Chemist: 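Take this structure first; my questions come after.
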Number of protein chains: 2
Amino acid sequence: MNNIMPKDRQPLATPTPEIYVDSVLFQLIDDELAVLLTQRELDPYKGMWALPGGINAKGETTYDAMQNVLKAKTGIKVAQLGFIEQLYTFDTVTRDPRGHAVSVTYMGLGRGLAPTATPVKRHAQFFPLSQVPDLGFDHNQIITYAHDRLIAKLSYTNAVFALLPSLFTLSQLQAAYEAVLGRTLDKRNFRKKYLSLNLITETSELHMEGAHRPARLYKFNNSSLEYLSRSFD
Amino acid sequence: MNNIMPKDRQPLATPTPEIYVDSVLFQLIDDELAVLLTQRELDPYKGMWALPGGINAKGETTYDAMQNVLKAKTGIKVAQLGFIEQLYTFDTVTRDPRGHAVSVTYMGLGRGLAPTATPVKRHAQFFPLSQVPDLGFDHNQIITYAHDRLIAKLSYTNAVFALLPSLFTLSQLQAAYEAVLGRTLDKRNFRKKYLSLNLITETSELHMEGAHRPARLYKFNNSSLEYLSRSFD
DNA sequence: GCAAAAGTGTTAACTATACACCCATGG
DNA sequence: CCATGGGTGTATAGTTAACACTTTTGC
């Protein structure tokens, strides 16, 4: 298999860097965007929190590896997520004390996700973005990158569906946008504009909760990624 | 170095896939978008055209590897380009007859690029998008992906600067947009809108050419990537 | 009846779109 | 003087942004 590769630069048995996968999973907790972290059991950065990640074995696609690693380290299955996509590939040559590796990262969205103890038995827990500690590797920067991508994605797709239950109120929808964007939006303008995009449909159901007027429940027309006719915010 | 990696999945000496880099370089040729291809000298796909690519040696970042491979296979230096960014990372496990590899791809823009014969001595040549042949691997799809990214990029950044000379006419600017988008634009609306973005400044120079009124020359305020205040087209 | 969140409309400013003719030059 | 590409304005429709009060419920 290696007979077609130029050997002049690296005559070693493993001439290319190791491949890892890391995932940035977001969900809303109390109207705040939260990210899934695991506590490292081994050096480097033993005991510190980091993004759930692991090695990409030969024969696995990066997507397969991401699924396997997430399941093993957090108990979360990709099928539980509303959305996941490849984010970026980071070089770790200068930052990773282990040596030369490349990290293919994924960004995913879900709701009601509960990481569990697993065979590999690492601690795994969602942290609100405002409470993310200093992480191993340059994972803080990767989270910032993922958050920026998410903000952009919400402006030109219906990706927000993946953060919400299948039936939701317009206030919940607006709160999801506000949590991701980190700023408040005008209620009347938000509703007018979002309804004009024809992404959601009113249902006959009401959401009764608390000592106030019940709210109309809506649903998304598509629960797969759709591009908006005009961009939002 | 490997002592911290779980060995249970792959006990081989090279447990992760090989890493390759491939580049999609665009420039304008006769007001048409063209992409740089090289002719393969080795199997697989010997003799076919493909994106310039090669192995990512351990110790090189993917960016370094991309620079080295481009220089070696086409004679083009990344410093000659106006813009380059990572595009996407493709799994090749199912499509690559060589076995399991992962390809980190880059997308770049330039002007006046002339690939040359090099020590590695592969044919390298720009093909107008309409004349790209069937390529090895799934490189046709990668070009389509890069083209889509470029269309998006032109709508929210000033990336078009990288396709133009430092002094250019509004007609050249419009032609660049039209070449990338694949459709014509209204001249008056294009000029009005582009000027309102405050990305370019009129110079005192005129472009005299042909039997017609000379054209005013403009320049970009920044020759690095800038995000637009409102999106274009 | 009161506290809490749901729901609703109008106006003004801005942006996008459609569209046709005159200008300056070289040959 | 003619062929060629450069350069310009207006009117309409659509979109965005700012802004405050009434409704329905549980307690």
Side-chain angles (χ1 to χ4, degrees), chain A residues 28 30-32 151-152 154-156 164-165 167-179 181-219 227-233, chain B residues 28 30-32 151-152 154-156 158 164-165 167-179 181 183-219 227-233:
Chain A
L28 293 173
D30 295 335
D31 287 342
E32 188 171 359
I151 290 172
L154 253 52
S155 81
Y156 65 90
L164 293 171
L167 292 181
F168 55 89
T169 69
L170 292 180
S171 294
Q172 289 172 322
L173 178 63
Q174 181 174 343
Y177 267 89
E178 290 178 339
L181 300 179
R183 62 194 166 88
T184 58
L185 301 172
D186 179 89
K187 183 160 62 158
R188 280 170 294 188
N189 291 340
F190 178 85
R191 288 168 183 233
K192 208 183 328 160
K193 169 129 194 207
Y194 212 91
L195 289 169
S196 79
L197 295 172
N198 292 317
L199 296 172
I200 59 175
T201 305
E202 190 177 304
T203 70
S204 57
E205 294 178 70
L206 295 177
H207 182 65
M208 316 284 282
E209 184 210 46
H212 54 80
R213 179 170 174 176
R216 176 71 53 185
L217 286 166
Y218 289 77
K219 60 181 169 67
Y227 293 82
L228 308 191
S229 48
R230 48 188 210 282
S231 80
F232 194 87
D233 286 358
Chain B
L28 293 174
D30 296 335
D31 287 344
E32 188 170 358
I151 290 172
L154 253 52
S155 80
Y156 66 91
N158 65 347
L164 294 172
L167 292 180
F168 55 88
T169 69
L170 292 180
S171 293
Q172 289 173 323
L173 179 63
Q174 181 174 345
Y177 267 89
E178 290 178 340
L181 300 179
R183 63 194 166 89
T184 59
L185 301 171
D186 179 87
K187 184 161 59 161
R188 280 171 293 190
N189 292 340
F190 178 85
R191 288 169 182 232
K192 206 184 329 162
K193 169 129 193 207
Y194 212 90
L195 289 169
S196 79
L197 295 173
N198 293 317
L199 296 172
I200 60 176
T201 305
E202 190 176 303
T203 70
S204 57
E205 295 178 70
L206 296 177
H207 182 65
M208 315 283 283
E209 184 209 46
H212 54 81
R213 179 171 174 176
R216 176 70 53 185
L217 286 166
Y218 289 77
K219 60 182 170 65
Y227 292 83
L228 309 191
S229 49
R230 48 187 212 282
S231 80
F232 193 88
D233 285 359

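A, B, ... follow the sequence lines: proteins, then strands. Residue 1 opens every chain. Quick caveat, the model's predicted, so the values are computed rather than measured.
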Chemist: For Tyr156(A) and Tyr227(A), take the angle between the two ring planes, folded into 0 to 90°, and tell me which bin it lands in: parallel under 30, tilted 30 to 60, perpendicular over 60.
Modeler: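 Answer is parallel, since the angle falls under 30°.
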Chemist: Could you please name the option among dC19(D), dG7(C), dT17(C) that lies closest to any side-chain atom of Asn189(A)?
Modeler: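 It is dC19(D).
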Chemist: Looking only at side-chain N and O atoms, does Arg230(B) come under 4.0 Å of OP1 or OP2 in dA16(C)?
Modeler: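 So the side chain of Arg230(B) is within the cut-off, an N or O lying under 4.0 Å from OP1 or OP2 of dA16(C).
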Chemist: Stepwise, does the side-chain contact (heavy atoms from CB on, under 4.5 Å) test hold for Leu173(B) with Tyr218(B)?
Modeler: CA-CA 9 Å; Leu173(B) 179 63; Tyr218(B) 289 77; over 6 Å; no
Chemist: Checking all strands, does Arg191(B) fall into the base, sugar-phosphate, or nothing category for heavy-atom contacts under 4.0 angstrom?
Modeler: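 Base, at least one base atom sits under 4.0 Å.
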Chemist: Can you tell me whether the side chain of Lys192(A) and the base of dT15(D) have a donor-acceptor pair closer than 3.5 Å?
Modeler: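 In this structure, the two groups form no donor-acceptor pair.
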Chemist: In terms of the nearest nucleotide of DNA chain D, which residue is placed more toward the 5' end: Ala215(B) or Ser196(A)?
Modeler: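 Result: Ala215(B).
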Chemist: Check the distance between dC23(C)'s P and Arg216(B)'s CZ and give it to me in whole angstrom.
Modeler: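 Interatomic distance, CZ of Arg216(B) to P of dC23(C): 17 Å.
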Chemist: Heavy-atom nearest nucleotide on DNA chain C for Leu206(B) versus Ser231(B): which residue maps closer to 5'?
Modeler: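 Whichever sits nearer the 5' end wins; that is Ser231(B).
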Chemist: Using atom CZ of Phe190(A) as one end and atom P of dA6(C) as the other, report the distance to the nearest whole Å.
Modeler: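 Rounded to the whole Å, the gap is 12 Å.
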Chemist: Between Arg188(A) and His212(B), just flag the one whose closest nucleotide in DNA chain D comes earlier from the 5' side.
Modeler: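 Mapping each residue to its closest nucleotide by heavy atoms, the 5'-most match is His212(B).
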Chemist: Is a side-chain donor-acceptor pair under 3.5 Å present for Ser171(B) with Arg216(B)?
Modeler: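 No donor-acceptor contact under 3.5 Å links the two side chains.
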Chemist: Return the 5'-most residue of the pair Asp233(B), Met208(B) with respect to DNA chain C, ranking by each residue's nearest nucleotide.
Modeler: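 Looking at the nearest nucleotide for each, Asp233(B) comes out on the 5' side.
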Chemist: How many whole angstroms separate atom NZ of Lys187(A) from atom P of dT23(D)?
Modeler: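 Rounded to the whole Å, the gap is 14 Å.
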Chemist: Given atom CG of Leu217(B) and atom C1' of dG6(D), what is their separation to the nearest angstrom?
Modeler: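 Distance check: Leu217(B) CG to dG6(D) C1' gives 12 Å.
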Chemist: Which is it for Arg183(A) and Asp233(A) under the side-chain contact (heavy atoms from CB on, under 4.5 Å) test, yes or no, and what are the steps along the way?
Modeler: CA-CA 11 Å; Arg183(A) 62 194 166 88; Asp233(A) 286 358; 3.9 Å; yes
Chemist: Please report, rounded to the nearest Å, how far the P atom of dG7(C) is from the CD atom of Gln174(A).
Modeler: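 Distance, rounded to whole Å: 11 Å.
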Chemist: Whole Å only: how far is the CG atom of Leu197(A) from the C1' atom of dG14(D)?
Modeler: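 These atoms are roughly 14 Å apart.
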Chemist: How many Å lie between CG on Leu195(A) and C1' on dT15(D), as a whole number?
Modeler: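 Taking atom C1' of dT15(D) as the reference, CG of Leu195(A) is at 16 Å.
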Chemist: Tell me the interatomic distance from Leu185(A), atom CG, to dA17(D), atom C1', rounded to whole angstroms.
Modeler: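 Distance, rounded to whole Å: 12 Å.
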Chemist: Tell me what Lys193(B) touches on the nucleic acid: a base, only sugar-phosphate, or nothing, going by heavy atoms under 4.0 Å.
Modeler: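 Touches sugar-phosphate only.
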Chemist: Tell me whether the side-chain N/O atoms of Ser171(A) come closer than 4.0 Å to OP1 or OP2 in dA5(C).
Modeler: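 Negative; the distance criterion is not met.
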Chemist: Run the numbers on Thr169(A) and Leu217(A) for side-chain contact (heavy atoms from CB on, under 4.5 Å), then give the verdict.
Modeler: CA-CA 5 Å; Thr169(A) 69; Leu217(A) 286 166; 3.8 Å; yes
